[in-house]
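Working notes, beginning with the structure itself.
Bear in mind that the values here come from a model prediction, so they are computed numbers and not experimental data.
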Amino acid sequence: MAASGAPVTRLKAAVDEWAAWIRRAEGEALAEGLIQTREAGIDPLEAAFATGVRRFDKSGEYRADGALSLTAWLRWKCKLSGGAAMERVEIARQLEKLPQTEAALASGDVGFQHVAILARTAEHVGAAAVRKDEASLLQSARTLDPGQFVTVAKNFEHRVDAASALAEANRAYERRYFHISEPKDGLVRVDGALDAEGGAILRSALQPFMRPITDDRRSYGQRGADALVELGRRGSGNRRDGAGPRPQLIIRASLDTLAGTTGAPAGELGGGGTVPAETVQRHACDSAISRMTGAAELEHELNRAVRTLSASTRRALEARDTHCVFPGCSRPLNWCDGHHLVWWTRGGQTALPNLALLCRPHHRMVHEEGWMIERTKDRHWKASAPVRQVPANARSA
Ligand SMILES: [Zn+2]
Ligand SMILES: [Zn+2]
């Protein structure tokens with residue numbers, strides 16, 4: 001530590017001075033400041049870090065601290081994640097064999113992520129092959145963002161060594177998985193990894209359902225989650241006209257829950273987990289995708305009540321409303337449920353005057369968040385915000 005004392009003091013002073021300047025910079029100066037933070041700061045420092053890591057690797061001195069590997073030492077002492085530590089070791093080892101790349105990183109000419117991609121390519125096809133095309137690869141790195149540059153690097157790998165590119169694709173395919181957890185605190189965790197082809201198929205299938213609606217308050221992540229569920233809903237053969245439902249969701253609920261009686265139990269999902277009464281009522285509203293089961297009295301009640309839209313009623317409803325009727329929303333028919341303005345549990349009829357097309361996010365806002373939707377005398381639709389605030393961030397009692 002003593003040996004690095006003076007340079008470290010100067011480095012810290014320079015970083016402090018830079019940080020103070022960035023805090024004050026505005027407009028164009030701030031934009032240029034951000035660029036220079038990486039070009040003159042982070043990237044050359046990563047290059048210096050790589051040089052140091054390489055020398056440390058060769059000396060084996062990390063063992064003096066009791067670490068079993070250089071990667072373990074980097075995680076421990078340099079506070080890196082396992083992936084970040086492995087990436088830096090790989091870069092350090094490959095950069096030695098790629099002098100042009102090392103120089104481009106040190107001068108801030110290409111970014112750290114570009115170099116990480118080149119290092120991985122060198123590990124796959126050998127540094128010698130990369131060296132032959134190093135100048136043109138770096139030229140691409142200068143003009144493309146890292147995401148685009150991966151494609152260039154992968155194409156290069158395929159040209160140089162189709163067999164190992166195939167082997168890599170097969171390894172990636174072997175690592176695919178998808179997992180859906182049991183519900184916990186009302187949330188089901190979903191995680192997984194797909195090979196490139198599977199990922200592309202899923203991405204393009206989700207895309208049409210991801211588009212924001214007018215005044216969309218949902219985050220990108222929330223839109224993604226909605227799109228995935230919508231995909232599942234369509235995938236299981238649900239017919240758009242709402243007639244002849246094929247239930248995908250089985251909810252067991254008591255009549256009290258359906259009627260919204262105080263003290264009623266929650267609805268139980270067929271696959272495990274519970275949903276609040278409001279959700280049970282929303283599904284009961286247009287049961288094209290759900291089947292409700294319960295006590296004998298409930299079965300009787302459900303059979304008696306015609307709450308599922310017949311094909312002809314659905315067609316008439318579609319002809320009248322043409323899309324979600326929530327003011328400002330234009331989600332098309334296949335996003336929409338038939339909502340009972342006076343809920344059928346309260347005696348509302350499954351007939352055109354008592355129905356409205358609502359897209360699923362808006363249908364949910366009406367049932368679970370307390371919004372009101374009504375048809376005015378001049379045949380317009382009016383939405384009113386909930387009188388009783390349903391807190392979005394608090395657990396319901
Ligand atoms: Zn409804
Ligand atoms: Zn809508």
Side-chain angles (χ1 to χ4, degrees), residues 113-114 117 140 143-155 157-158 165 168-181 183 187-242 245-249 271 279 282-283 286 288-290 314 317-318 321-339 357-369 392:
Q113 293 190 351
H114 292 109
I117 294 162
S140 301
T143 53
L144 300 174
D145 69 50
Q148 298 165 321
F149 185 57
V150 168
T151 308
V152 171
K154 286 286 158 207
N155 275 331
E157 281 183 35
H158 197 272
E168 196 207 30
N170 286 343
R171 271 198 307 277
Y173 181 67
E174 280 306 313
R175 292 172 61 196
R176 75 198 184 282
Y177 78 97
F178 182 72
H179 185 247
I180 302 184
S181 78
L187 276 181
V188 171
R189 300 213 163 269
V190 172
D191 73 321
L194 299 173
D195 66 310
E197 180 193 341
I201 290 171
L202 183 63
R203 189 191 298 275
S204 77
L206 289 175
Q207 217 119 53
F209 306 124
M210 293 265 316
R211 289 189 203 107
I213 54 176
T214 322
D215 297 329
D216 210 329
R217 292 173 305 159
R218 297 172 303 158
S219 66
Y220 182 78
Q222 287 172 332
R223 283 192 280 124
D226 290 351
L228 187 64
V229 173
E230 193 57 33
L231 197 63
R233 196 193 304 271
R234 312 262 168 118
S236 45
N238 176 39
R239 280 170 55 178
R240 188 172 65 76
D241 64 8
R246 300 187 198 176
Q248 302 162 33
L249 190 62
T279 306
R282 172 165 52 86
H283 281 288
D286 182 348
I289 66 146
S290 58
R314 172 85 194 193
L317 180 62
E318 289 184 352
D321 291 347
T322 68
H323 54 74
C324 172
V325 301
F326 204 92
C329 183
S330 56
R331 281 211 160 131
L333 299 174
N334 53 3
W335 273 96
C336 295
D337 295 331
H339 169 66
L357 276 185
L358 282 180
C359 72
R360 276 173 282 272
H362 280 129
H363 198 193
R364 195 180 186 286
M365 274 167 65
V366 168
H367 284 273
E368 275 102 323
E369 292 177 32

TODO: Measure from NZ or CZ of Arg176 to the centre of the six-membered ring of Tyr173, then state whether that distance is under 6.0 Å and the direction lies within 45° of the axis.
DONE: yes
Compare every heavy atom of [Y] with every heavy atom of [X], then report the nearest pair and how far apart it is.
X: Arg331; Y: Cys336; value: O-SG, 3.8 Å
X: Met210; Y: Gly224; value: SD-CA, 3.2 Å
X: Cys329; Y: Cys359; value: SG-SG, 3.9 Å
X: Arg218; Y: Pro212; value: NH2-CA, 4.4 Å
X: Gly338; Y: Arg314; value: N-NH1, 4.0 Å

Open item on the list: Taking Lys154 first and then Glu157, would you say they form a salt bridge - that is, a charged N and a carboxylate O separated by under 4.0 Å?
Closed with: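 Salt bridge: yes.
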Task: Charged N-O contact under 4.0 Å between Arg171 and Glu168 - done: no
TODO: Would you please indicate yes or no on a ring centroid separation below 6.0 angstrom for His367 and His339?
DONE: yes
Do [X] and [Y] have side-chain heavy atoms sitting under 4.5 Å apart?
X: Pro146; Y: Ile117; answer: yes
X: Leu231; Y: Phe209; answer: yes
X: Pro332; Y: His323; answer: no
X: Glu368; Y: Thr279; answer: yes
X: Ser140; Y: Phe149; answer: yes
X: Glu174; Y: Asn170; answer: no
X: Val190; Y: Phe178; answer: yes

Nearest-0.5 Å distance, [atom1] of residue [X] to [atom2] of residue [Y]:
X: Leu228; Y: Leu202; atom1: CG; atom2: CG; result: 6.5 Å
X: Arg282; Y: Met365; atom1: CZ; atom2: CE; result: 12.5 Å
X: Asp226; Y: Gln222; atom1: CG; atom2: CD; result: 7.5 Å
X: Leu206; Y: Glu230; atom1: CG; atom2: CD; result: 11.0 Å
X: Leu317; Y: Leu333; atom1: CG; atom2: CG; result: 9.0 Å

TODO: Assess whether side-chain contact (heavy atoms from CB on, under 4.5 Å) is satisfied between Thr322 and Glu318, documenting all intermediate values.
DONE: CA-CA 5 Å; Thr322 68; Glu318 289 184 352; over 6 Å; no
- [ ] Using modelled atom types only, decide if a donor and an acceptor are shared between the side chain of Gln148 and the backbone of Asp145 within a distance under 3.5 Å.
- [x] yes
Task: Flag, side chain of Asp321 to backbone of Leu357, donor-acceptor distance under 3.5 Å - done: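 Confirmed, Asp321 side chain pairs with Leu357 backbone.
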